[in-house]
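What follows is one structure encoded as structure tokens, with my remarks underneath.
All residue numbers refer to positions in the sequence shown, counting from 1.
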Amino acid sequence: MSKIQEEIKKRILVLDGAMGTMLQRYKFEEEDFRGERFKDFPHPLKGNNDLLSITQPEAVKSVHRAYFEAGADIVETNTFSGTTIGMADYHMEDLVYELNFQSAKIAREVADEFTDKPRFVAGSIGPTNRTASMSPDVNDPGFRAVNFDDLKIAYKQQVEALIDGGCDLLLVETIFDTLNAKAALFAIEEVKEERNIDIPVMVSGTITDASGRTLSGQTVEAFLISISHIPLLSVGFNCALGADQLKPYLKRLGNNTSLNISAHPNAGLPNPFGQYDQTPEEMQQLIREYLKENLVNIIGGCCGTTPEHIKLIAEVAREFKPRTQQFKSV
């Protein structure tokens, strides 16, 4: 049994908050993204946050450190777009292994600075910017921008680098298309088998709106069934919704699984300018309701959340015991 599997039985674990929200505070410009190494790169690089693990490593370290200082047990690597598919937008496919390895290494170094309690590094595996089960062309519903095999190959490279860099677990997150996620999980299982290792895996989907479905049309229950053949540390939801809007779907999830449940919602819904206005105090009260109702084993924040949010979430998490693994139906 891994250390995190031991810890999750003892207490509610706290996940970090948004990486992008924190990096935006630096107001990095094109030259900052490029650094010295990529100053003559022929394509624009501004916006490639994953690249900052190479060109601005101290900034990325400072974000991880701030979340650990706020009370997070788990930080996510700066690798949300770290596949050849995601990096194709910046013509940086050849850099994928290094990006993931370096991001994991940075997070590991910061985690090891903290010795008061076990701290963990989760390899962040995002959904990519393509979908395997839907067409991006309304005039050609049979067209696919990516297929399962391409996704599996891309995810496998990312997984290998994240493990090599020192991750304790892997987080397949912000899943809007479960077929993409299944490719990631297939890649993880393949790496585990080839290396004869076992590494805990978290899966976190995204309910996109009040319909209660993922973007590819699955209900909570269908999503759960689709990924239940894989041994998982936890299953949960993140992004798209604030804590109050997400709550009913976490309840439905808990009624149908004995797995640990995670949640890292946004700081409310975005305002007309795309900003998140929910204060740490407001979010803490909503999370308190989660914990009173025994909904989660892992809790954190997604878009718009900061160390200030995570600090108050960690404070309230210490008041409650983790979710007991009882469910009503299969």
Side-chain angles (χ1 to χ4, degrees), residues 13-35 45-82 86 99-100 102-114 119-126 162 165 167 171 173-174 204 206 238-240 242-243 262-271 273-284 287 298-315 317:
L13 297 181
V14 177
L15 190 67
D16 63 1
M19 173 62 74
T21 298
M22 294 300 291
L23 290 176
Q24 285 170 11
R25 292 183 172 185
Y26 285 89
K27 295 182 167 54
F28 287 135
E29 296 296 338
E30 181 71 29
E31 59 269 23
D32 302 306
F33 281 88
R34 289 175 175 272
L45 296 177
K46 186 178 178 180
N48 187 356
N49 279 355
D50 294 21
L51 181 61
L52 295 173
S53 294
I54 292 175
T55 57
Q56 302 290 338
E58 291 306 314
V60 177
K61 278 187 174 184
S62 71
V63 174
H64 291 319
R65 194 173 290 115
Y67 281 123
F68 276 136
E69 289 172 345
D73 300 290
I74 309 166
V75 298
E76 302 170 56
T77 56
N78 181 38
T79 55
F80 186 79
S81 301
L99 278 173
N100 285 277
Q102 180 69 7
S103 294
K105 182 171 174 283
I106 284 171
R108 174 84 274 144
E109 288 172 359
V110 177
D112 291 343
E113 294 174 8
F114 294 82
R119 308 285 187 143
F120 303 99
V121 175
S124 172
I125 300 173
L162 289 170
C167 288
L171 170 55
E173 64 169 314
T174 323
S204 185
T206 292
N238 75 287
C239 205
S262 74
H264 50 296
N266 292 345
L269 296 175
N271 64 28
F273 301 101
Q275 303 298 312
Y276 294 86
D277 299 324
Q278 193 169 77
T279 67
E281 292 76 16
E282 289 167 343
M283 192 169 184
Q284 183 191 49
I287 297 303
I298 302 173
I299 186 69
C302 202
C303 302
T305 57
T306 65
E308 290 77 22
H309 291 83
I310 298 305
K311 183 176 186 291
L312 295 191
I313 288 172
E315 284 179 5

Do [X] and [Y] touch side chain to side chain, with heavy atoms closer than 4.5 Å?
| X | Y | result |
| --- | --- | --- |
| Lys61 | Glu113 | no |
| Asn49 | Phe80 | no |
| Tyr67 | Met22 | yes |

Taking all non-hydrogen atoms of both residues, which atom of [X] and which atom of [Y] are closest, and how far apart?
| X | Y | result |
| --- | --- | --- |
| Phe28 | Leu23 | CD1-O, 4.3 Å |
| Ala18 | Cys302 | CB-O, 3.2 Å |
| Gly304 | His309 | O-CE1, 3.6 Å |
| Ile287 | Ala243 | CD1-CB, 4.1 Å |
| His264 | Ser204 | CE1-OG, 3.6 Å |
| Glu76 | Leu15 | OE2-CD2, 3.7 Å |

Kindly write out the residues that satisfy side-chain hydrogen bond (donor to acceptor under 3.5 Å, both in side chains) with Thr305, not counting sequence neighbours, or none if the list is empty. none
Starting from the C-alpha separation in whole Å, work towards a yes-or-no answer on side-chain contact (heavy atoms from CB on, under 4.5 Å) for Asn266 and Cys239. CA-CA 5 Å; Asn266 292 345; Cys239 205; 4.0 Å; yes
Partner residues of Tyr276 under the ring pair (Phe, Tyr, Trp, His ring centres under 6.0 Å) criterion, sequence neighbours left out: none
Sorted by chain and number, sequence neighbours left out, side-chain contact (heavy atoms from CB on, under 4.5 Å) with Ala104 holds for Thr77, Leu162, Cys167
CA sep, side-chain torsions, deciding dist, call: Asn238, Thr174, side-chain contact (heavy atoms from CB on, under 4.5 Å): CA-CA 6 Å; Asn238 75 287; Thr174 323; 3.0 Å; yes
Please evaluate residues Arg65 and Glu69 with respect to the criterion salt bridge (Lys or Arg N to Asp or Glu O under 4.0 Å), reporting the C-alpha separation (whole Å), side-chain torsions for both, the decisive distance (0.1 Å), and the verdict. CA-CA 6 Å; Arg65 194 173 290 115; Glu69 289 172 345; 5.4 Å; no
